[in-house]
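Numbered from 1 within each chain, the chains take letters A, B, ... in sequence-line order.
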Number of protein chains: 2
Amino acid sequence: MDGSGDRPKSKRKSSWKKDPEAVKANILEIATEEFAAYGLSGANINEIAQKTSTSKRMIYYYFGDKEGLYCAVLEGVYASLRNAEDKLEVGNLPPVEALRRLVKATFDAHAKAPHFIRLVMIENIHNGDYLRKSEIVPKLNRSIIEKLEDVCSRGKKEGLFREGANALQLHWLISSFSFYNVSNRATFSASFGTEIFSKAMQSLVKDRVADMVLAAVVIGHEPRSWD
Amino acid sequence: MDGSGDRPKSKRKSSWKKDPEAVKANILEIATEEFAAYGLSGANINEIAQKTSTSKRMIYYYFGDKEGLYCAVLEGVYASLRNAEDKLEVGNLPPVEALRRLVKATFDAHAKAPHFIRLVMIENIHNGDYLRKSEIVPKLNRSIIEKLEDVCSRGKKEGLFREGANALQLHWLISSFSFYNVSNRATFSASFGTEIFSKAMQSLVKDRVADMVLAAVVIGHEPRSWD
DNA sequence: CATGAATTTAACTCAGCGGTACATTTTTGT
DNA sequence: ACAAAAATGTACCGCTGAGTTAAATTCATG
(Lines give C-alpha, C1' and ligand atoms only; values in the text may rest on other atoms or scores of the structure.)
Protein backbone atom coordinates (compact mmCIF):
# COMPACT_ATOMS: atom_id res chain seq x y z
CA MET A 1 0.00 0.00 0.00
CA ASP A 2 3.01 2.32 0.29
CA GLY A 3 3.19 4.02 -3.04
CA SER A 4 6.96 4.05 -3.44
CA GLY A 5 8.79 0.77 -3.77
CA ASP A 6 11.36 1.53 -1.05
CA ARG A 7 11.63 -0.13 2.39
CA PRO A 8 8.83 0.94 4.75
CA LYS A 9 10.58 0.84 8.14
CA SER A 10 11.77 -2.73 8.58
CA LYS A 11 14.97 -3.33 10.49
CA ARG A 12 15.30 -6.77 8.92
CA LYS A 13 17.28 -7.60 5.84
CA SER A 14 15.60 -5.53 3.19
CA SER A 15 12.26 -4.09 2.17
CA TRP A 16 9.05 -6.04 2.77
CA LYS A 17 5.89 -5.09 1.08
CA LYS A 18 3.98 -7.13 3.67
CA ASP A 19 4.99 -6.61 7.26
CA PRO A 20 4.15 -9.62 9.46
CA GLU A 21 5.20 -7.93 12.69
CA ALA A 22 2.88 -5.04 12.11
CA VAL A 23 0.06 -7.39 11.21
CA LYS A 24 0.57 -9.40 14.38
CA ALA A 25 0.75 -6.25 16.46
CA ASN A 26 -2.41 -4.96 14.89
CA ILE A 27 -4.26 -8.20 15.60
CA LEU A 28 -3.04 -8.21 19.19
CA GLU A 29 -4.14 -4.66 19.75
CA ILE A 30 -7.65 -5.25 18.52
CA ALA A 31 -7.89 -8.62 20.26
CA THR A 32 -6.86 -7.02 23.53
CA GLU A 33 -9.74 -4.58 23.24
CA GLU A 34 -12.22 -7.28 22.40
CA PHE A 35 -11.19 -9.86 24.97
CA ALA A 36 -11.03 -7.16 27.65
CA ALA A 37 -14.49 -6.01 26.68
CA TYR A 38 -16.27 -9.33 26.27
CA GLY A 39 -14.18 -12.09 27.82
CA LEU A 40 -12.85 -15.25 26.26
CA SER A 41 -16.14 -16.80 25.26
CA GLY A 42 -17.82 -13.45 24.74
CA ALA A 43 -15.32 -12.12 22.24
CA ASN A 44 -15.96 -12.91 18.62
CA ILE A 45 -13.25 -13.85 16.17
CA ASN A 46 -15.19 -12.54 13.20
CA GLU A 47 -15.68 -9.25 15.00
CA ILE A 48 -12.01 -9.07 15.85
CA ALA A 49 -11.04 -9.88 12.29
CA GLN A 50 -13.29 -7.21 10.92
CA LYS A 51 -11.76 -4.55 13.14
CA THR A 52 -8.22 -5.43 12.21
CA SER A 53 -6.61 -4.29 9.02
CA THR A 54 -6.29 -7.92 8.00
CA SER A 55 -8.46 -11.03 7.81
CA LYS A 56 -9.66 -13.84 10.04
CA ARG A 57 -7.42 -16.30 8.31
CA MET A 58 -4.40 -14.34 9.49
CA ILE A 59 -5.47 -14.64 13.09
CA TYR A 60 -5.44 -18.40 12.77
CA TYR A 61 -2.21 -18.26 10.81
CA TYR A 62 -0.35 -16.43 13.54
CA PHE A 63 -2.10 -17.52 16.72
CA GLY A 64 -3.50 -20.96 15.94
CA ASP A 65 -6.86 -20.65 17.60
CA LYS A 66 -8.93 -18.46 19.85
CA GLU A 67 -7.18 -19.63 22.98
CA GLY A 68 -3.79 -19.00 21.46
CA LEU A 69 -4.81 -15.46 20.69
CA TYR A 70 -6.17 -15.01 24.18
CA CYS A 71 -2.91 -16.24 25.72
CA ALA A 72 -0.89 -13.85 23.62
CA VAL A 73 -3.14 -10.99 24.71
CA LEU A 74 -2.77 -11.99 28.33
CA GLU A 75 0.99 -12.05 28.20
CA GLY A 76 0.93 -8.74 26.41
CA VAL A 77 -0.95 -6.86 29.11
CA TYR A 78 1.14 -8.38 31.89
CA ALA A 79 4.28 -7.31 30.10
CA SER A 80 3.07 -3.79 29.59
CA LEU A 81 2.11 -3.36 33.23
CA ARG A 82 5.57 -4.57 34.26
CA ASN A 83 6.95 -2.00 31.93
CA ALA A 84 5.02 0.74 33.69
CA GLU A 85 6.11 -0.45 37.11
CA ASP A 86 9.74 -0.70 36.15
CA LYS A 87 9.88 2.93 35.29
CA LEU A 88 9.48 3.88 38.93
CA GLU A 89 12.78 4.06 40.77
CA VAL A 90 12.68 4.43 44.54
CA GLY A 91 16.07 2.96 45.44
CA ASN A 92 17.49 6.21 46.72
CA LEU A 93 14.48 7.46 48.67
CA PRO A 94 14.27 6.95 52.44
CA PRO A 95 12.20 3.82 53.21
CA VAL A 96 9.03 5.50 54.41
CA GLU A 97 8.86 7.85 51.48
CA ALA A 98 9.80 5.06 49.09
CA LEU A 99 6.96 2.90 50.32
CA ARG A 100 4.48 5.72 50.05
CA ARG A 101 5.61 6.31 46.49
CA LEU A 102 5.28 2.64 45.63
CA VAL A 103 1.77 2.40 46.97
CA LYS A 104 0.60 5.48 45.14
CA ALA A 105 2.29 4.42 41.93
CA THR A 106 0.69 0.99 42.08
CA PHE A 107 -2.68 2.55 42.71
CA ASP A 108 -2.25 4.84 39.72
CA ALA A 109 -0.88 2.14 37.47
CA HIS A 110 -3.94 0.01 38.06
CA ALA A 111 -6.28 2.93 37.55
CA LYS A 112 -4.63 3.61 34.21
CA ALA A 113 -4.66 0.02 32.97
CA PRO A 114 -8.29 -1.01 32.70
CA HIS A 115 -7.49 -3.58 30.03
CA PHE A 116 -5.07 -5.27 32.32
CA ILE A 117 -7.59 -5.31 35.14
CA ARG A 118 -10.35 -6.73 33.02
CA LEU A 119 -8.17 -9.41 31.50
CA VAL A 120 -6.93 -10.48 34.90
CA MET A 121 -10.53 -10.67 36.07
CA ILE A 122 -11.38 -12.78 33.08
CA GLU A 123 -8.40 -14.99 33.66
CA ASN A 124 -9.49 -15.51 37.24
CA ILE A 125 -12.91 -16.55 36.00
CA HIS A 126 -11.01 -19.21 34.09
CA ASN A 127 -9.17 -20.18 37.26
CA GLY A 128 -5.85 -18.99 35.92
CA ASP A 129 -5.68 -21.92 33.52
CA TYR A 130 -4.06 -19.93 30.73
CA LEU A 131 -1.79 -17.85 32.90
CA ARG A 132 -0.40 -21.00 34.46
CA LYS A 133 0.75 -22.09 31.03
CA SER A 134 2.72 -18.92 30.53
CA GLU A 135 6.44 -19.11 31.14
CA ILE A 136 7.10 -15.41 31.07
CA VAL A 137 4.50 -14.01 33.45
CA PRO A 138 5.87 -15.39 36.73
CA LYS A 139 9.19 -13.78 35.93
CA LEU A 140 7.58 -10.45 35.19
CA ASN A 141 6.13 -10.18 38.66
CA ARG A 142 9.47 -10.63 40.36
CA SER A 143 10.41 -7.01 39.91
CA ILE A 144 7.69 -5.48 42.06
CA ILE A 145 8.41 -7.98 44.83
CA GLU A 146 12.09 -7.21 44.69
CA LYS A 147 11.40 -3.53 45.06
CA LEU A 148 9.24 -4.13 48.08
CA GLU A 149 11.82 -6.46 49.58
CA ASP A 150 14.48 -3.82 49.19
CA VAL A 151 12.36 -1.16 50.84
CA CYS A 152 11.37 -3.52 53.64
CA SER A 153 14.88 -4.57 54.45
CA ARG A 154 16.11 -0.97 54.41
CA GLY A 155 13.23 0.08 56.62
CA LYS A 156 13.92 -2.65 59.10
CA LYS A 157 17.65 -1.99 59.12
CA GLU A 158 16.97 1.61 60.03
CA GLY A 159 14.59 0.54 62.78
CA LEU A 160 11.66 2.27 61.13
CA PHE A 161 9.62 -0.75 60.01
CA ARG A 162 8.17 -3.52 62.12
CA GLU A 163 10.10 -6.75 62.16
CA GLY A 164 8.36 -9.31 60.02
CA ALA A 165 7.05 -6.73 57.57
CA ASN A 166 6.71 -8.95 54.56
CA ALA A 167 7.07 -8.03 50.91
CA LEU A 168 4.59 -10.60 49.66
CA GLN A 169 1.87 -9.74 52.15
CA LEU A 170 2.51 -6.10 51.50
CA HIS A 171 2.09 -6.60 47.79
CA TRP A 172 -1.12 -8.54 48.39
CA LEU A 173 -2.40 -5.67 50.49
CA ILE A 174 -1.51 -2.94 48.02
CA SER A 175 -2.89 -4.94 45.12
CA SER A 176 -6.17 -5.49 46.93
CA PHE A 177 -6.95 -1.80 47.07
CA SER A 178 -5.55 -0.95 43.72
CA PHE A 179 -7.22 -3.78 41.87
CA TYR A 180 -10.60 -3.77 43.56
CA ASN A 181 -10.82 -0.03 43.11
CA VAL A 182 -10.99 -0.57 39.37
CA SER A 183 -12.37 -4.07 38.99
CA ASN A 184 -15.51 -3.59 41.04
CA ARG A 185 -16.45 -0.08 40.09
CA ALA A 186 -19.56 -1.11 38.21
CA THR A 187 -21.21 -3.16 40.92
CA PHE A 188 -20.03 -0.93 43.74
CA SER A 189 -21.47 2.10 41.98
CA ALA A 190 -24.72 0.33 41.31
CA SER A 191 -25.08 -0.40 45.00
CA PHE A 192 -23.60 2.65 46.64
CA GLY A 193 -23.40 5.43 44.09
CA THR A 194 -20.49 6.87 42.19
CA GLU A 195 -19.21 9.44 44.66
CA ILE A 196 -16.25 7.37 45.72
CA PHE A 197 -14.97 7.22 42.17
CA SER A 198 -15.00 10.94 41.51
CA LYS A 199 -11.64 12.44 40.72
CA ALA A 200 -11.44 14.30 44.01
CA MET A 201 -12.48 11.30 46.07
CA GLN A 202 -10.06 9.00 44.28
CA SER A 203 -7.22 11.28 45.18
CA LEU A 204 -8.31 11.24 48.80
CA VAL A 205 -8.75 7.49 48.84
CA LYS A 206 -5.30 7.03 47.37
CA ASP A 207 -3.75 9.09 50.16
CA ARG A 208 -5.78 7.23 52.73
CA VAL A 209 -4.66 3.89 51.37
CA ALA A 210 -1.02 4.92 51.36
CA ASP A 211 -1.45 6.10 54.92
CA MET A 212 -3.00 2.80 55.94
CA VAL A 213 -0.23 0.74 54.46
CA LEU A 214 2.33 2.91 56.17
CA ALA A 215 0.48 2.62 59.47
CA ALA A 216 0.61 -1.14 59.14
CA VAL A 217 4.33 -1.24 58.54
CA VAL A 218 5.95 1.86 59.97
CA ILE A 219 6.40 1.92 63.74
CA GLY A 220 4.46 4.73 65.34
CA HIS A 221 2.96 6.04 62.11
CA GLU A 222 -0.26 7.87 62.88
CA PRO A 223 -2.59 8.28 59.89
CA ARG A 224 -4.14 11.67 59.36
CA SER A 225 -7.81 12.02 60.14
CA TRP A 226 -10.25 11.30 57.34
CA ASP A 227 -12.05 13.90 55.31
CA MET B 1 -43.01 -39.35 41.80
CA ASP B 2 -43.98 -39.63 45.47
CA GLY B 3 -45.52 -43.05 45.76
CA SER B 4 -48.39 -42.13 48.07
CA GLY B 5 -51.03 -39.74 46.86
CA ASP B 6 -50.83 -37.35 49.81
CA ARG B 7 -49.48 -33.78 49.84
CA PRO B 8 -45.67 -33.67 49.48
CA LYS B 9 -44.77 -30.67 51.62
CA SER B 10 -46.65 -27.76 50.07
CA LYS B 11 -47.88 -25.01 52.36
CA ARG B 12 -50.34 -23.85 49.69
CA LYS B 13 -53.99 -24.80 49.43
CA SER B 14 -53.90 -28.48 48.58
CA SER B 15 -51.64 -31.18 47.18
CA TRP B 16 -49.63 -30.48 44.04
CA LYS B 17 -48.32 -33.21 41.94
CA LYS B 18 -46.11 -30.70 40.14
CA ASP B 19 -44.50 -28.06 42.27
CA PRO B 20 -43.58 -24.91 40.31
CA GLU B 21 -41.71 -23.30 43.21
CA ALA B 22 -39.46 -26.30 43.58
CA VAL B 23 -38.87 -26.41 39.85
CA LYS B 24 -37.89 -22.76 39.79
CA ALA B 25 -35.63 -23.22 42.78
CA ASN B 26 -33.98 -26.21 41.19
CA ILE B 27 -33.33 -24.32 37.97
CA LEU B 28 -31.90 -21.39 39.89
CA GLU B 29 -29.60 -23.59 41.88
CA ILE B 30 -28.12 -25.27 38.83
CA ALA B 31 -27.98 -22.02 36.88
CA THR B 32 -26.08 -20.38 39.70
CA GLU B 33 -23.43 -23.09 39.51
CA GLU B 34 -23.14 -22.82 35.76
CA PHE B 35 -23.09 -19.04 35.45
CA ALA B 36 -20.62 -18.81 38.31
CA ALA B 37 -18.42 -21.38 36.62
CA TYR B 38 -18.53 -20.16 33.03
CA GLY B 39 -19.94 -16.66 32.92
CA LEU B 40 -22.92 -15.31 31.02
CA SER B 41 -21.75 -16.15 27.53
CA GLY B 42 -19.79 -19.19 28.65
CA ALA B 43 -22.68 -20.94 30.36
CA ASN B 44 -24.82 -23.19 28.21
CA ILE B 45 -28.56 -23.42 28.49
CA ASN B 46 -28.68 -26.98 27.21
CA GLU B 47 -26.10 -27.95 29.80
CA ILE B 48 -28.05 -26.23 32.53
CA ALA B 49 -31.28 -27.87 31.43
CA GLN B 50 -29.70 -31.27 31.43
CA LYS B 51 -28.45 -30.87 34.99
CA THR B 52 -31.82 -29.77 36.31
CA SER B 53 -34.58 -32.19 37.12
CA THR B 54 -36.70 -30.50 34.44
CA SER B 55 -36.31 -29.41 30.83
CA LYS B 56 -35.03 -26.51 28.80
CA ARG B 57 -38.60 -25.59 28.00
CA MET B 58 -39.23 -24.81 31.66
CA ILE B 59 -36.27 -22.46 31.87
CA TYR B 60 -37.75 -20.34 29.11
CA TYR B 61 -41.18 -20.69 30.59
CA TYR B 62 -40.14 -19.24 33.94
CA PHE B 63 -37.25 -16.97 33.09
CA GLY B 64 -37.93 -15.83 29.54
CA ASP B 65 -34.43 -16.01 28.17
CA LYS B 66 -30.80 -16.50 29.13
CA GLU B 67 -30.42 -12.99 30.43
CA GLY B 68 -33.55 -13.30 32.52
CA LEU B 69 -32.15 -16.40 34.13
CA TYR B 70 -28.84 -14.70 34.73
CA CYS B 71 -30.54 -11.75 36.41
CA ALA B 72 -32.49 -14.04 38.69
CA VAL B 73 -29.28 -15.82 39.64
CA LEU B 74 -27.57 -12.52 40.34
CA GLU B 75 -30.31 -11.32 42.64
CA GLY B 76 -30.27 -14.68 44.35
CA VAL B 77 -26.64 -14.58 45.37
CA TYR B 78 -26.86 -10.99 46.54
CA ALA B 79 -29.83 -11.87 48.68
CA SER B 80 -28.14 -14.84 50.22
CA LEU B 81 -25.04 -12.86 51.12
CA ARG B 82 -27.22 -10.22 52.74
CA ASN B 83 -28.82 -13.02 54.69
CA ALA B 84 -25.44 -14.13 56.00
CA GLU B 85 -24.47 -10.59 56.95
CA ASP B 86 -27.72 -9.90 58.72
CA LYS B 87 -27.12 -12.72 61.12
CA LEU B 88 -24.26 -10.86 62.71
CA GLU B 89 -25.37 -8.58 65.49
CA VAL B 90 -22.82 -6.18 66.95
CA GLY B 91 -25.11 -3.48 68.32
CA ASN B 92 -24.23 -4.14 71.92
CA LEU B 93 -20.49 -4.53 71.57
CA PRO B 94 -18.15 -1.61 72.30
CA PRO B 95 -17.24 0.18 69.04
CA VAL B 96 -13.69 -1.06 68.63
CA GLU B 97 -14.63 -4.67 69.24
CA ALA B 98 -17.72 -4.30 67.08
CA LEU B 99 -15.66 -3.04 64.16
CA ARG B 100 -13.14 -5.82 64.53
CA ARG B 101 -15.96 -8.33 64.48
CA LEU B 102 -17.51 -6.77 61.40
CA VAL B 103 -14.27 -6.85 59.47
CA LYS B 104 -13.58 -10.46 60.32
CA ALA B 105 -17.15 -11.49 59.58
CA THR B 106 -17.07 -9.79 56.19
CA PHE B 107 -13.78 -11.45 55.40
CA ASP B 108 -15.19 -14.84 56.32
CA ALA B 109 -18.48 -14.30 54.52
CA HIS B 110 -16.66 -13.57 51.28
CA ALA B 111 -14.36 -16.54 51.71
CA LYS B 112 -17.37 -18.78 52.12
CA ALA B 113 -19.33 -17.41 49.16
CA PRO B 114 -17.29 -18.17 46.06
CA HIS B 115 -20.38 -18.18 43.86
CA PHE B 116 -21.22 -14.69 44.93
CA ILE B 117 -17.68 -13.54 44.25
CA ARG B 118 -17.55 -15.07 40.81
CA LEU B 119 -20.93 -13.72 39.80
CA VAL B 120 -20.01 -10.24 40.93
CA MET B 121 -16.80 -10.50 38.92
CA ILE B 122 -18.80 -11.57 35.92
CA GLU B 123 -21.27 -8.79 36.43
CA ASN B 124 -18.42 -6.30 36.55
CA ILE B 125 -17.15 -7.66 33.26
CA HIS B 126 -20.58 -6.71 31.95
CA ASN B 127 -20.21 -3.25 33.47
CA GLY B 128 -22.99 -3.84 35.96
CA ASP B 129 -25.59 -3.65 33.22
CA TYR B 130 -27.81 -6.31 34.72
CA LEU B 131 -27.34 -5.34 38.32
CA ARG B 132 -28.40 -1.82 37.49
CA LYS B 133 -31.74 -3.15 36.31
CA SER B 134 -32.39 -4.82 39.63
CA GLU B 135 -34.67 -3.03 42.04
CA ILE B 136 -33.94 -5.17 45.03
CA VAL B 137 -30.16 -5.24 45.17
CA PRO B 138 -29.53 -1.62 46.14
CA LYS B 139 -31.83 -2.09 49.10
CA LEU B 140 -30.05 -5.24 50.18
CA ASN B 141 -26.78 -3.44 50.58
CA ARG B 142 -28.21 -0.85 52.92
CA SER B 143 -27.94 -3.11 55.92
CA ILE B 144 -24.18 -3.45 56.00
CA ILE B 145 -23.77 0.30 55.57
CA GLU B 146 -26.20 0.95 58.38
CA LYS B 147 -24.25 -1.30 60.69
CA LEU B 148 -21.04 0.50 59.90
CA GLU B 149 -22.69 3.87 60.35
CA ASP B 150 -23.93 2.85 63.74
CA VAL B 151 -20.50 1.66 64.85
CA CYS B 152 -18.85 4.77 63.45
CA SER B 153 -21.16 7.18 65.19
CA ARG B 154 -20.85 5.34 68.47
CA GLY B 155 -17.07 5.27 68.14
CA LYS B 156 -16.93 8.96 67.46
CA LYS B 157 -19.33 9.80 70.25
CA GLU B 158 -17.08 8.00 72.69
CA GLY B 159 -14.05 9.81 71.33
CA LEU B 160 -12.44 6.58 70.18
CA PHE B 161 -12.70 6.99 66.40
CA ARG B 162 -11.29 9.73 64.24
CA GLU B 163 -13.71 12.40 63.18
CA GLY B 164 -14.66 11.87 59.56
CA ALA B 165 -14.40 8.11 59.78
CA ASN B 166 -16.79 7.23 57.03
CA ALA B 167 -19.03 4.20 56.70
CA LEU B 168 -18.91 4.10 52.92
CA GLN B 169 -15.16 4.42 52.65
CA LEU B 170 -14.81 1.89 55.42
CA HIS B 171 -17.00 -0.55 53.58
CA TRP B 172 -15.01 0.01 50.41
CA LEU B 173 -11.84 -0.73 52.33
CA ILE B 174 -13.10 -3.87 54.00
CA SER B 175 -14.60 -5.15 50.76
CA SER B 176 -11.34 -4.61 48.91
CA PHE B 177 -9.48 -7.09 51.07
CA SER B 178 -12.30 -9.51 51.45
CA PHE B 179 -13.21 -9.60 47.79
CA TYR B 180 -9.76 -9.55 46.24
CA ASN B 181 -8.65 -12.28 48.60
CA VAL B 182 -11.05 -14.63 46.88
CA SER B 183 -11.48 -13.18 43.42
CA ASN B 184 -7.82 -13.07 42.47
CA ARG B 185 -6.57 -16.26 44.04
CA ALA B 186 -5.94 -17.99 40.75
CA THR B 187 -3.74 -15.33 39.16
CA PHE B 188 -2.06 -14.34 42.41
CA SER B 189 -1.16 -17.97 43.07
CA ALA B 190 0.13 -18.41 39.55
CA SER B 191 2.45 -15.46 40.02
CA PHE B 192 3.45 -15.70 43.66
CA GLY B 193 2.63 -19.18 44.90
CA THR B 194 -0.12 -20.45 47.13
CA GLU B 195 1.39 -19.89 50.57
CA ILE B 196 -0.73 -16.85 51.29
CA PHE B 197 -3.90 -18.85 50.82
CA SER B 198 -3.07 -21.64 53.22
CA LYS B 199 -5.42 -22.01 56.14
CA ALA B 200 -2.88 -20.79 58.65
CA MET B 201 -1.87 -17.80 56.54
CA GLN B 202 -5.46 -16.81 55.85
CA SER B 203 -6.13 -16.65 59.54
CA LEU B 204 -3.10 -14.44 60.02
CA VAL B 205 -4.03 -12.24 57.10
CA LYS B 206 -7.51 -11.80 58.46
CA ASP B 207 -6.16 -10.61 61.81
CA ARG B 208 -3.73 -8.32 60.04
CA VAL B 209 -6.51 -6.81 57.95
CA ALA B 210 -8.72 -6.22 60.95
CA ASP B 211 -5.79 -4.61 62.67
CA MET B 212 -5.17 -2.35 59.72
CA VAL B 213 -8.71 -1.18 59.50
CA LEU B 214 -8.73 -0.44 63.19
CA ALA B 215 -5.46 1.42 62.92
CA ALA B 216 -7.00 3.57 60.23
CA VAL B 217 -10.02 4.49 62.29
CA VAL B 218 -9.25 4.11 65.97
CA ILE B 219 -7.21 6.89 67.51
CA GLY B 220 -3.89 5.64 68.78
CA HIS B 221 -4.42 2.05 67.74
CA GLU B 222 -1.05 0.38 67.29
CA PRO B 223 -1.15 -2.78 65.15
CA ARG B 224 0.74 -5.80 66.40
CA SER B 225 3.95 -6.69 64.61
CA TRP B 226 3.68 -9.06 61.67
CA ASP B 227 4.54 -12.72 61.77
C1' DC C 1 13.22 -16.25 -14.38
C1' DA C 2 12.33 -20.47 -12.02
C1' DT C 3 11.61 -22.12 -7.47
C1' DG C 4 9.88 -22.41 -3.15
C1' DA C 5 8.82 -20.52 1.39
C1' DA C 6 6.17 -17.05 3.66
C1' DT C 7 2.00 -14.47 3.57
C1' DT C 8 -2.68 -13.39 2.26
C1' DT C 9 -7.53 -13.85 0.19
C1' DA C 10 -12.05 -15.52 -0.30
C1' DA C 11 -15.33 -18.93 0.18
C1' DC C 12 -16.88 -22.74 2.68
C1' DT C 13 -18.14 -26.21 6.55
C1' DC C 14 -20.71 -27.54 10.23
C1' DA C 15 -22.02 -28.23 14.87
C1' DG C 16 -23.37 -25.99 18.86
C1' DC C 17 -26.60 -23.29 20.98
C1' DG C 18 -30.35 -19.90 21.98
C1' DG C 19 -34.84 -19.91 21.23
C1' DT C 20 -39.67 -21.63 19.47
C1' DA C 21 -44.03 -24.32 17.87
C1' DC C 22 -47.28 -27.07 19.15
C1' DA C 23 -49.36 -30.70 21.33
C1' DT C 24 -50.45 -32.61 25.88
C1' DT C 25 -51.21 -33.10 30.64
C1' DT C 26 -52.37 -31.16 35.15
C1' DT C 27 -54.70 -27.83 38.15
C1' DT C 28 -58.13 -24.54 39.23
C1' DG C 29 -62.38 -21.96 39.29
C1' DT C 30 -67.34 -22.38 38.98
C1' DA D 1 -68.27 -31.91 35.27
C1' DC D 2 -66.21 -28.77 32.29
C1' DA D 3 -63.82 -25.09 30.43
C1' DA D 4 -60.00 -22.02 31.10
C1' DA D 5 -55.44 -21.51 32.59
C1' DA D 6 -51.08 -23.15 34.18
C1' DA D 7 -47.34 -26.34 33.52
C1' DT D 8 -44.74 -29.58 30.81
C1' DG D 9 -42.73 -32.78 26.93
C1' DT D 10 -40.88 -33.25 22.35
C1' DA D 11 -39.22 -32.07 18.39
C1' DC D 12 -37.54 -28.71 15.74
C1' DC D 13 -35.32 -24.23 13.54
C1' DG D 14 -32.00 -20.98 12.04
C1' DC D 15 -28.16 -18.45 12.75
C1' DT D 16 -23.93 -17.52 14.66
C1' DG D 17 -19.30 -18.16 15.02
C1' DA D 18 -15.02 -21.19 15.42
C1' DG D 19 -12.19 -23.26 12.46
C1' DT D 20 -10.75 -25.06 7.39
C1' DT D 21 -9.70 -25.69 2.46
C1' DA D 22 -7.41 -24.53 -1.26
C1' DA D 23 -5.62 -21.46 -4.19
C1' DA D 24 -3.31 -16.90 -5.16
C1' DT D 25 0.14 -13.49 -4.31
C1' DT D 26 4.67 -11.71 -2.67
C1' DC D 27 9.42 -11.95 -1.83
C1' DA D 28 14.27 -13.92 -1.39
C1' DT D 29 17.57 -16.42 -3.76
C1' DG D 30 20.31 -19.08 -7.23
**Request:** To the nearest Å, give me how far apart CG (A:L40) and C1' (D:dG17) are.
**Result:** 14 Å
**Request:** Take the protein atom CE of A:M58 and the nucleotide atom C1' of D:dG19, then report the distance between them rounded to whole Å.
**Result:** 14 Å
**Asked** Has A:Y61 got a side-chain N or O lying under 4.0 Å from the OP1 or OP2 atom of C:dT9?
**Response** no
**Request:** Just call it for A:F63: base, sugar-phosphate, or nothing, with non-hydrogen atoms closer than 4.0 Å on any strand.
**Result:** nothing
**Prompt:** Considering heavy-atom distances to DNA chain C, does B:Y60 or B:R57 have its closest nucleotide positioned more toward the 5' end?
**Reply:** B:Y60
**Complete:** Here the ring-ring contact (aromatic ring centres under 6.0 Å, His included) pairs for residues 22-66 of chain A, sequence neighbours left out, are A:F35-A:Y70
**Message:** Check this for me: B:R185, atom CZ, are more than 12 non-hydrogen atoms of other residues, nucleotides or ligands nearer than 6.0 Å?
**Reply:** yes
**Request:** Could you pull out all residues at least two apart from B:V77 that satisfy side-chain contact (heavy atoms from CB on, under 4.5 Å)?
**Result:** B:T32, B:F116, B:L119
**Fill in**
When rounded to whole Å, the CD1 to P distance for the pair B:I59 and D:dT8 reads 12 Å
**Prompt:** When you check the phosphate oxygens OP1 and OP2 of C:dG18, does a side-chain N or O of B:S41 lie under 4.0 Å from one of them?
**Reply:** no
**Prompt:** Quick one: is A:S55 getting a side-chain N or O under 4.0 Å of the C:dT9 phosphate, OP1 or OP2?
**Reply:** yes
**Prompt:** With a 4.5 Å limit on heavy-atom distance, are the side chains of B:N184 and B:Y180 in contact?
**Reply:** yes
**Request:** Check whether any side-chain nitrogen or oxygen of B:Y62 sits under 4.0 Å from OP1 or OP2 of D:dA6, and answer yes or no.
**Result:** no
**Prompt:** Near DNA chain C, which residues from residues 44-52 of chain B have a heavy atom under 4.0 Å away?
**Reply:** B:N44, B:I45, B:N46
